[in-house]
Amino acid sequence: MAAQQHLYLVDGSSYIFRAYHRLPPLTDPEGTPVGAVYGYTTMLWKLADDLDKADGPTHLAVILDKDSQSFRNEIYPEYKANRPPPPEDLVPQFPLIRDATRAFSLPCIEEQGLEADDLIASYARAAQREGWNVTIVSSDKDLMQLVGEVDGARIDMLDTMKSQRIYIEEVEEKFGVKPELVGDVLALMGDSVDNIPGIFGIGPKTASKLIAEHGSLTAALDAAEDMKKSKLKERLLENRADAEMSRVLVELKEDCDLPEPLEDFKLDGVPPEPLSAFLEKHGFTSLLRRLDAGRGSPDRPNNLHPEKATTKGDAGTAEGNRQPLPEMEAVDRSKYETVQTLERLEAWVARALAAQVVAVDTETNSLDAMRADLVGVSLALGPNDACYIPLGHGSSDMFAEKPTQVPLEEALAALRPLLEADEVVKVFQNGKYDLNVLARYDITVGPIEDTMIISFDLDAGRGQDGIGGGHGMDELSERHLGHTPIPFKEVCGTGKKQIPFGEVPLDKATAYAAEDADVTWRLYQHLKPRLAIEGGTRIYERVDRPLIPVVAQMERHGIKVDRAHLSRLSEEFAKETGRLEKEIHELAGEEFTVGSPKQLGDILFDKLGHKGGKKGKSGQYSTDQSVLERLAGEGAPIANKVLEWRQLAKLKSTYTDALQEAINPDTGRVHTSYSLVGAQTGRLSSTDPNLQNIPIRTAIGRQIREAFVPDAGNVLLAADYSQIELRLAAHMADVETLKEAFANGEDIHARTATEMFGEVTRDTRARAKTINFAILYGISRWGLAGRLEVEPDEAQAMIDTYFQRFPGIQRYIMETLETVRERGYSETLFGRKTWFPRINSKNQAERQGSERAAINAPIQGTSADIIKRAMARMMPALREAGLGHVRMLLQVHDELVFELPEGDVAAASPIIERVMAEAAAPAVTLSVPLGVEIGTGKSWDAAH
DNA sequence: CGGATCACG
DNA sequence: GACGTACGTGATCCGA
């Protein structure tokens with residue numbers, strides 16, 4: 001029996017539109033935009049790769065739309081009439097789609113007066129009649145009508161953007177009906193893009209419900225008569241004709257003449273020319289490399305090096321960020337080596353030195369790098385070419401016999417030349433952790449690369465829809481390699497049963513640890529080339545990569561905290577909260593848990609009968625600060641007591657108690673952990689403990705800052721950027737008035753007050769300040785109205801005045817949004833991207849949320865870039881001045897905290913100020929000065 | 001484990 | 001027809 005034939009029909013036109021909106025605006029060496037073509041090319045490649053695979057294509061053709069007119073226009077002149085013209089930089093890419101298809105030596109079918117959908121339908125049916133299987137490469141919902149099986153020949157669909165097969169179940173999931181009824185559903189719901197009317201007011205949900213219930217469009221329309229009186233009934237009766245015409249419009253023409261016979265679509269491998277010439281012409285160098293690597297032809301993709309497999313293609317989108325799974329040599333854990341002798345270790349080190357690129361991972365007994373003891377090291381030099389070097393296994397009694405291991409000192413001596421070699425790149429996943437662990441053994445690792453940071457610089461913000469946009473190894477491995485690494489909990493257990501890694505038997509430990517290095521190596525090969533292609537090199541090389549060892553060093557420094565001071569505060573707060581609690585209970589007339597917003601709400605609004613209680617969607621009264629302040633103003637003494645109680649309880653539990661516990665017994669200091677990938681905008685975040693939210697705004701809270709102190713003989717120095725985000729907004733939106741004010745060193749909120757209200761008073765300045773921030777955060781009249789306690793109309797008037805007084809701001813907002821809508825990401829002045837997959841969401845709240853975030857991201861992100869650059873340059877600048885002993889301890893978004901001998905303040909201050917003020921240069925020249933304020937003192941509080 | 005609250009820039 | 005309205009974080013507590 002002959003092998004089953006399998007025809008792939010590629011819907012080229014719809015693909016290019018989607019690719020355009022999902023991919024960055026790349027241009028080729030001649031400046032022609034080619035982003036969408038690049039996506040299309042990688043997609044074709046992937047399909048050609050699948051040749052010879054089970055279910056892979058034996059025949060393939062690309063189907064294109066010839067022009068916008070079709071027989072449907074004769075039925076309904078408005079058909080597709082309100083389609084906006086394609087974007088300017090997409091137009092020149094249309095002909096390139098044909099070029100790309102020909103470059104792959106694939107047939108390309110288009111026909112005057114016929115839409116691609118009709119050709120696809122006709123070819124699909126023709127092939128099905130021959131008993132072939134058919135896969136339609138498209139996600140067009142109209143085509144879903146075709147899905148199904150006739151006499152053992154099936155038609156399915158493939159959405160390459162989402163790597164998703166669509167068969168009957170998927171269609172049913174989407175439309176709630178069998179494929180053959182999809183046309184009926186479409187006829188009811190209409191399609192605004194194609195301008196198919198459907199019935200107004202009936203969306204996908206109602207349409208599929210009606211069709212599922214009645215079995216067909218006609219039946220549903222007939223049934224309308226007997227429905228009970230409703231909007232729906234009216235609409236069905238009134239618009240029957242529209243629905244019936246829509247049914248004709250969505251019907252696919254399955255009997256077109258076939259311009260070329262099916263047999264001509266036979267796939268026969270892809271000759272290297274003209275493909276290579278095409279790739280070269282358009283600067284697709286990574287694909288060109290793949291072509292060269294694959295013995296000169298992509299027709300045997302399995303011979304390609306796995307690391308050269310699909311690079312970008314269809315990364316994260318509003319609808320998901322799964323990439324097509326690249327071809328790769330499958331992970332084979334049996335190939336890993338457990339290194340137990342010095343001889344073998346030296347052999348690995350020698351090979352690594354020769355390889356120039358080695359992935360490294362350390363295993364320890366703690367997540368806290370500052371307390372973690374080294375348990376082992378793994379290395380990877382290529383796919384499955386990895387080893388684990390156990391160093392601290394079996395230190396407890398769980399091992400009957402301690403396993404054979406290279407003694408720690410000897411092993412470190414052997415590894416040191418590798419880890420410190422200038423000419424060998426060490427690749428880590430979250431290298432900051434490993435750097436800190438190894439620093440405890442006096443090993444200064446470098447140079448390093450970091451797959452977590454690379455991923456962040458490429459994909460920050462993707463997966464805001466909860467589909468997974470994280471940068472952890474397991475997630476990256478799933479997403480990019482299609483491989484699930486052994487979960488940590490499978491090796492060490494979880495909860496109470498968790499054992500330290502050092503107690504894991506060597507075979508299991510090797511499988512886990514060597515795999516981590518293996519996966520890191522693969523991820524690096526996969527992600528690193530994308531940086532250049534997608535314009536991520538600048539931010540990675542100039543901002544984030546240099547920062548890794550700097551932040552690692554800051555974490556190791558830590559900051560001294562006065563335990564006695566905190567303990568005293570804890571006691572005071574405890575006494576005070578206890579006293580308040582009693583008073584609150586008396587006022588309430590019963591005892592209850594003050595810390596429970598639920599109980600408090602019931603007491604305030606039900607029992608005590610206060611007015612204006614608002615329940616949120618959790619069905620619970622809101623009792624937050626603003627509510628309690630209102631009640632207090634209305635003369636409810638209990639509200640003030642609760643506010644006071646809350647403040648003290650918060651300070652005690654979050655700060656005075658927790659910080660004491662965070663003091664490292666070895667160093668006597670507190671070592672936070674900064675996340676370099678925590679904030680989508682590029683900011684750092686701080687955890688365990690968070691030292692970026694230590695109180696400062698109230699006097700009581702500031703007492704906690706007094707506990708942060710220098711060593712004897714030293715002082716703390718705090719250097720703050722003044723109004724950096726507003727300055728950047730003035731520069732980026734090019735607002736003359738604001739730039740001038742900053743140039744003259746004016747009080748910017750006062751200046752805003754003058755412009756807005758004509759005079760500066762306490763009140764107008766405060767309002768101006770609120771408005772200034774509101775602008776940075778993407779304003780709405782209601783939001784501003786709430787903050788300023790005015791009517792939305794008045795807030796709108798203020799916004800209008802603001803835009804009028806500061807021309808440029810509105811234009812900046814519009815332009816930013818337009819760019820983000822088009823490209824899917826925002827960009828900082830230094831080229832940092834933040835993706836907004838929901839910017840074009842149909843859900844208004846979702847979309848508007850993304851819009852506000854997108855307005856803010858370039859500003860907040862540029863500020864983050866600038867302070868990061870200052871941090872990376874800081875120690876070299878200080879060292880040059882003989883101040884290498886100055887320690888940079890903390891970063892709080894626009895502030896750096898240093899510790900230094902009292903006598904060095906005068907020498908260090910101007911250097912710190914200069915490095916911070918000039919941190920944008922030379923990459924970016926700002927049209928506003930960056931102001932830096934410096935203070936010193938015997939505590940963090942005193943330094944402000 | 002999610003929601004509410006509140007600490008910071 | 002109602003929703004929900006300022007950006008970015010992390011820690012703690014309560015209660016299901």
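A note on names: the letters A, B, ... follow the listed sequences, proteins ahead of strands, and every chain is numbered from 1.
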> With sequence neighbours excluded, what pairs up with A:F830 under the ring-ring contact (aromatic ring centres under 6.0 Å, His included) test?
Replying inline: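 By the ring-ring contact (aromatic ring centres under 6.0 Å, His included) rule, A:F830 matches no residue at all.
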Just call it for [X]: base, sugar-phosphate, or nothing, with non-hydrogen atoms closer than 4.0 Å on any strand.
X: A:I859; result: nothing
X: A:Q844; result: base
X: A:T770; result: base
X: A:L684; result: nothing
X: A:N690; result: sugar-phosphate

> Quick one: do the A:S686 and A:T672 side chains pair a donor with an acceptor below 3.5 Å?
Replying inline: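 Side-chain D/A pair, A:S686 to A:T672: present.
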>> I'd like to know if A:K650 reaches the base of B:dC6 with its side chain, counting only an N/O donor and acceptor under 3.5 Å.
In response: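 Present.
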> What about A:R697, does its side chain sit under 3.5 Å from the base of B:dA7 through a donor-acceptor pair?
Replying inline: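 Such a pair does not exist between side chain and base.
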>> So for atom NZ, which belongs to A:K233, do other residues, nucleotides or ligands contribute more than 12 heavy atoms lying within a distance under 6.0 Å?
In response: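 For A:K233, atom NZ is crowded (more than 12 foreign heavy atoms under 6.0 Å).
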Hey, does the side chain of [X] come within less than 4.0 Å of [N]'s phosphate (OP1/OP2), counting only N and O?
X: A:Q680; N: C:dC7; answer: no
X: A:R646; N: C:dT12; answer: no
X: A:S596; N: C:dC13; answer: no
X: A:S686; N: C:dT9; answer: no
X: A:R852; N: C:dC7; answer: yes
X: A:R781; N: C:dT5; answer: no
X: A:S685; N: C:dG10; answer: yes

> Looking only at heavy atoms, what is the nearest atom pair of A:I809 and A:I775, with distance?
Replying inline: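 Minimum heavy-atom separation between A:I809 and A:I775: CG2-CG2, 3.7 Å.
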>> Can you tell me the base-pairing partner of C:dA2? Count Watson-Crick or G-U wobble geometry only, both distances below 3.5 Å, and say none if there is no partner.
In response: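 Checking every strand shown, C:dA2 finds no partner, since no pair has both distances under 3.5 Å.
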>> If you assign each of A:N856 and A:D688 to its closest nucleotide in DNA chain C, which residue comes earlier from the 5' end?
In response: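 Its nucleotide being nearer the 5' end, the pick is A:N856.
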>> Return whichever of A:P689 or A:L784 has its heavy-atom-nearest nucleotide of DNA chain C closer to the 5' end.
In response: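 Closer to the 5' end of DNA chain C: A:L784.
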Can you tell which of [options] lies closest to the side chain of [X]?
X: A:R787; options: C:dA6, C:dT12, B:dA4; answer: C:dA6
X: A:V892; options: B:dG9, B:dT5, C:dA6; answer: B:dG9
X: A:Q625; options: C:dA11, C:dG15, B:dA7; answer: B:dA7
X: A:F773; options: B:dC8, C:dA6, C:dG10; answer: C:dA6
X: A:Q860; options: C:dG10, B:dA7, B:dG9; answer: B:dG9
X: A:S653; options: C:dA6, C:dC13, B:dC8; answer: C:dC13

>> Assess whether a salt bridge exists between A:R579 and A:E583, defined as any Lys/Arg side-chain N lying under 4.0 Å from an Asp/Glu carboxylate O.
In response: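 Yes, A:R579 and A:E583 are salt-bridged.
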> Which is it for A:H557 and A:E899 under the side chain to side chain donor-acceptor pair (under 3.5 Å) test, yes or no, and what are the steps along the way?
Replying inline: CA-CA 10 Å; A:H557 284 325; A:E899 180 172 5; over 6 Å; no
Taking [atom1] from [X] and [atom2] from [N], how many angstroms apart are they, rounded to a whole number?
X: A:F592; N: C:dG15; atom1: CZ; atom2: P; value: 11 Å
X: A:I799; N: C:dT5; atom1: CD1; atom2: P; value: 16 Å
X: A:H893; N: C:dC7; atom1: NE2; atom2: P; value: 16 Å
X: A:D720; N: B:dC8; atom1: CG; atom2: C1'; value: 12 Å

